[in-house]
Each structure stands twice: as C-alpha cells, then as structure tokens.
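Note that the numbering runs from 1 along the sequence shown for the chain. Keep in mind that this is a model prediction, so the values were computed, not measured.
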Amino acid sequence: MKVVVIGYGMAGARLAELIRAHDPDAAGIELTVLGAEPHRAYNRVLLSTVLAGGLSTEAVELHDEYWAEKNQVDLRIDTAVRAIDRDAKAVLLADGSHVDYDALVLATGSRAWMPPVDGLSGECVSAFRTIDDCARIVARARAGASVVVLGGGLLGLEAARGLVGRGCAVTLVHPKARLMERQLDPGAAAVLRQSMQRLGVTIRLDVEVRRHVAGQGVELGDGSFLPADLVVVSAGVRAEDGLAARAGLAVDNGIVVDEALRTADSSVFAIGDCAKPPSGGAGLVQPAWEQAAVVAARLTGENSLARYTGTPMVVRLKARDVELAALGDVHATVDDADAEVVQVHDPARGRYAKLVLRADRVAGAILLGVPDAAATIVQLYDSGALAPSDRLALLLGRALPGAPNAASPGDLPASAVVCRCNTVTKGALVSAWQHGACDVAGLVSATRATTGCGTCKDAVTDLADWLTTADPGSPRAVSHCA
C-alpha cells in the first residue's frame, strides 16, 4: 500500500515513526512524507526555549539526517504541494511531478494569524511560529532592543519572557482584559501579570494595535505609541485547510474528520492542527500524537477499529521562572452548586492555586507557582481517581494518592502517567530501567518521555534518581509496577 503524508511537522513525523514501528521492514507500506519547510522535523513546542537561549535549533530536531534512509521513508523536504487529485489518487507537486497514493494523510498543521493592522509587515515584524521565525527574532533581539509582542496567550508570554532574558525591553500588548483568558480565571491572570512584570515584561491589556510604523514602533488604539525595533506577533493560528478545501473536502476552521480521523473520502485522513475531529483537540502536541497513533494503527492493520475520542487538555506555560499548568474546568466558582472549589491566592509570592472537584474527582485546576502539586493533580485528572480528602495538602503538593504526606516517586502507582505527550507511565519507565535503560538518556530513548512539551523532564529525572537508589526488582518496586 502506498501511503503519502503531507506535512513533516510534529504530527506527520510521529505518524511516520509509528507506521514504521508497526511495519519496520516496509513490507506492507511504501511511505512518502512531503514537508514544505526546508528543515528536518523539529519540536515546535520547544521553540520558546530556543528563543530564550536555552536550546540550540539542532537540539530540537526530531530526526537526524539518516532517519529517512534507515527507515525506508521517501522524505522530501522543501517540497510544495500544488493540489490533490482525489479521482486519480495523486498528490500534485509544484514542480509538476506527482505522487500516487492508496491512503493520504493531511498533517499540514496551522499558520500564524497576522492581525489586519496597517503596516504590520517588513523585516522588523515576525510571527512566532516556525524555526525560521525563531531565527529571525533572535537575529534582531540584541540587548537593549525595544520589542513589542502582540498576544497574551501561551506563545506570546513565552516569547516575551525569552526576549527579556536576552536583555530586550519588552512590552506585551493584548486586546483582552486579562492574559490567557481562555485558560485562566481573573485571579490567576492577575497573579500571572504581576509575575511577568516582576520579570521585566511591561504589559498593556485591553488595547489593540492601530498601526505599525516601520523602524519606529506601534500606535495603540488609545493613542499611545510604543517604540519598537522589533514586533513579534503571536496572535493565534489558523488551520492549514486550504489544500483540503480545494480538493473538495469539507472544512470548518479545520478539515472535518470522524473519530477514525477520516474525511468524507475514506482514502484521506487528517491529523494535528489542521484536523477537526468531533471531540476537538487541536493546538497541543498530545492530541496530535494520539491522533497519529490512531491513523497508524488503522493503516498498518494493527487496530482497524482505532478511534480518537479526545484528549484531556492540560495547558502548560514554558517560561523560565514561571510554573503554570491549567486543566479542565478552570472557570468554576465557589457559587457552583455541584462543584467544590479550593483556592490559594498569594500574589506577593507569585502563587495562585485553584482546585475544582466534582464527586470527589478533579474536574479542573489552575496551578501557578506551585509545581509540587501539578504532577499529582494532573495524574488524578487523567485517571479519574478519587482525590485525597485533604484538599489543601493536595493543592499545595503535600499529598499523593494513597500517601497523605509528601512522598518519593516510588509511591506513585504503575499506572501514573509521567509523560502525557507520549502516554508514558511510571510502570513503562521502570520496565525500561529493568531492561537496561539505566539513566535519564536511556529512559528517554526507550520510552520517548520528555520529547513532547518537555515539562515532565524533572519528573523523569526524579524517577531515575529513585531507581538508582531503590532496587526496581524488589518486592516494593514490583508491587508498584505490576
């Protein structure tokens, strides 16, 4: 069977890996991957760390230069697709050639949205979406440069923090009344604003940009003017569904697919940011990789009934000195009759913690400045397990399921998910250790833990430290890993 994947981003790259994991000798599937960017696949989630100077561009690459050859993948980067001929089952390329398919997977991702602002273009304006965007920003982000960041969502905040770390004078402009308004309630947003300001980011809320004057700055809707050597735009994304629409496939702010990730054409699938499944789930790496697993299982025959039914969403801010996770129902209040809401509000120390429970189970949480609580609460949310009765201890990171007081990684059950992006459990990590992965690098190689958003790195390191001092073959370890 000929399988063609359009898109060599995080979703397309993962799909190719999974197909070859099921069909390592290419006995059943002839695989072609078409990438528009002139780069090997890279971890887009970690670009904010590259921008901040914490990682090199090479460090975030997902594949080395020999990956395609070793895995018998016809990989074509810097390749533009002109059209899809569904009748002929062929992908038409910009150079006039074509690639035939039996099954086609669209993993075209999304593009940065540029607000319709007069003059918002030129060398001193850059979106923050791709590795090339990151390189352009870094090239102009000299110490002392004045930078205006447009957008108070995750990427905008991460870009602002990274640029302050490079010595830039950064002002973040957001048209809404609070930062991350979809993921945070007013209390959390206020504490986050204070934390960012303490780190050196000036924040202007509830104001829009009226126009950009190249080489000078931006004029705001209230008449004020902000000098700017560089304008970084992180105002949202739009699904890359134009290719599908021109092929006659249904689109609605994304390519419409069913639970099998199929379009109305049973030969064409879509995954990642470009897809719109019934359960939603675009915008984060975990749903994209779970969708890739579904399609790989179907195409290889490993599970012809595989379905994507949604991903419990956990949003994390990856900015140095700011620890933030938001999940589930974050907007519940103490007035909600069916919800138990516990809150800790400590703005002076940059801490805000909110726990929402329904029927003694975690239904939502905002965890700002309380990293010790995040791992346990996310595990409870993922598993649907009953929460410990001491809610305050849980919220402050002093309780684990089945252990009223703070405990080591050894107290986690085997089913506890350590890496959400790759669905790696504690049990899988212990098993990898028992089979020879005896350090963090080995665990990463064996399980892919930490290779998604990277926020589980500390948890994996803690588990590795515990395994070096504990005997993972002992009755205690086995009881947790059974």
Side-chain angles (χ1 to χ4, degrees), residues 1-44 61-86 88-95 97-109 240 243-244 247 249 255 257 260-263 265-275 285 287-306 308 422 445 448 451-452:
M1 178 170 65
K2 295 180 179 180
V3 174
V4 175
V5 181
I6 302 179
Y8 185 45
M10 296 186 73
R14 175 51 61 93
L15 175 62
E17 292 173 1
L18 293 173
I19 287 175
R20 278 295 171 257
H22 293 309
D23 181 30
D25 299 321
I29 292 180
E30 180 182 326
L31 181 59
T32 300
V33 178
L34 308 173
E37 293 187 65
H39 310 285
R40 292 190 293 273
Y42 55 89
N43 190 329
R44 195 184 306 275
E61 291 180 347
L62 296 174
H63 296 149
D64 62 34
E65 59 181 313
Y66 305 109
W67 172 82
E69 180 181 354
K70 289 185 296 186
N71 290 277
Q72 300 183 63
V73 175
D74 179 8
L75 173 63
R76 309 183 194 184
I77 61 173
D78 201 14
T79 298
V81 174
R82 179 166 58 86
I84 300 167
D85 185 337
R86 290 168 50 207
K89 287 194 171 183
V91 176
L92 311 181
L93 306 182
D95 64 4
S97 64
H98 69 276
V99 183
D100 297 329
Y101 67 83
D102 297 306
L104 175 65
V105 184
L106 302 175
T108 48
E240 284 284 14
L243 188 64
L249 298 170
I255 303 167
V257 293
L261 287 315
R262 291 175 305 202
T263 66
D265 182 334
S266 61
S267 298
V268 182
F269 299 77
I271 61 173
D273 283 0
C274 70
V285 62
W289 283 358
E290 290 183 3
Q291 291 166 18
V294 168
V295 174
R298 283 181 163 270
L299 293 178
T300 60
E302 192 266 341
N303 182 357
S304 61
L305 300 178
Y308 176 72
N422 294 285
S445 177
R448 291 178 174 167
T451 62

Self-check item: Check: His63 and Leu75 side chains under 4.5 Å, non-hydrogen atoms
Solution: no
Quiz item: Nearest 0.5 Å, what's the CD1-CD distance between Ile255 and Glu240?
Solution: 9.5 Å
Quiz prompt | Thr32 side chain reached by Tyr101 side chain, heavy atoms, under 4.5 Å | solution = no
Exercise. Quick one: closest heavy-atom pair of Ala107 and Cys274, and the distance?
Key: CA-SG, 4.1 Å
Quiz item: Do the non-hydrogen side-chain atoms of Asp64 and Lys70 ever get within less than 4.5 Å of each other?
Solution: yes
Practice problem: Would you check if Phe269 and Gln291 make a side-chain contact, meaning some heavy-atom pair closer than 4.5 Å? | Solution: no
Practice problem: Nearest 0.5 Å please: distance from the CD1 atom of Ile6 over to the OG1 atom of Thr79. | Solution: 11.0 Å
Quiz item: What heavy-atom pair brings Arg76 and Val99 nearest, and what distance separates the two atoms?
Solution: NH1-CG2, 3.6 Å
Quiz item: Would a 4.5 Å heavy-atom cut-off, applied to side chains only, mark Val73 and Trp67 as touching?
Solution: yes
Quiz item: Does a side-chain heavy-atom distance below 4.5 Å link Leu106 with Leu249?
Solution: yes
Exercise. Give the minimum heavy-atom separation between Ile271 and Ala11, together with the two atoms involved.
Key: CD1-O, 3.7 Å
Quiz item: If you round to the nearest 0.5 Å, how far is CG of Leu62 from OH of Tyr42?
Solution: 10.0 Å
Exercise. Grab the two heavy atoms, one from Leu243 and one from Ala83, that are nearest each other, plus how far apart they are.
Key: CD1-CA, 3.9 Å
Quiz item: Would a 4.5 Å heavy-atom cut-off, applied to side chains only, mark Val81 and Leu93 as touching?
Solution: yes
Quiz item: Is the closest side-chain donor-acceptor distance between Thr263 and Asp265 under 3.5 Å?
Solution: no
Quiz item: So how far is it from Leu31 CG to Asp23 CG, rounded to the nearest 0.5 Å?
Solution: 9.0 Å
Quiz prompt | Rounded distance (nearest 0.5 Å) linking atom CG of Asn71 with atom CD of Glu17 | solution = 8.0 Å
Exercise. Look up atom NE2 in His39 and atom CG in Asp78, then write down how far apart they are to the nearest 0.5 Å.
Key: 8.5 Å
Quiz prompt | Flag, side chain of Asp95 to backbone of Ser97, donor-acceptor distance under 3.5 Å | solution = yes
Self-check item: Over all atoms of both residues, closest heavy-atom pair of Ala270 and Val257
Solution: CB-CG1, 3.8 Å
Self-check item: Heavy-atom side-chain contact between Met10 and Asn43 under 4.5 Å
Solution: yes
Quiz item: What heavy-atom pair brings Gly272 and Ala288 nearest, and what distance separates the two atoms?
Solution: CA-CB, 3.9 Å
Practice problem: List the steps and the verdict of side-chain contact (heavy atoms from CB on, under 4.5 Å) for Val3 and Leu15. | Solution: CA-CA 11 Å; Val3 174; Leu15 175 62; 5.8 Å; no
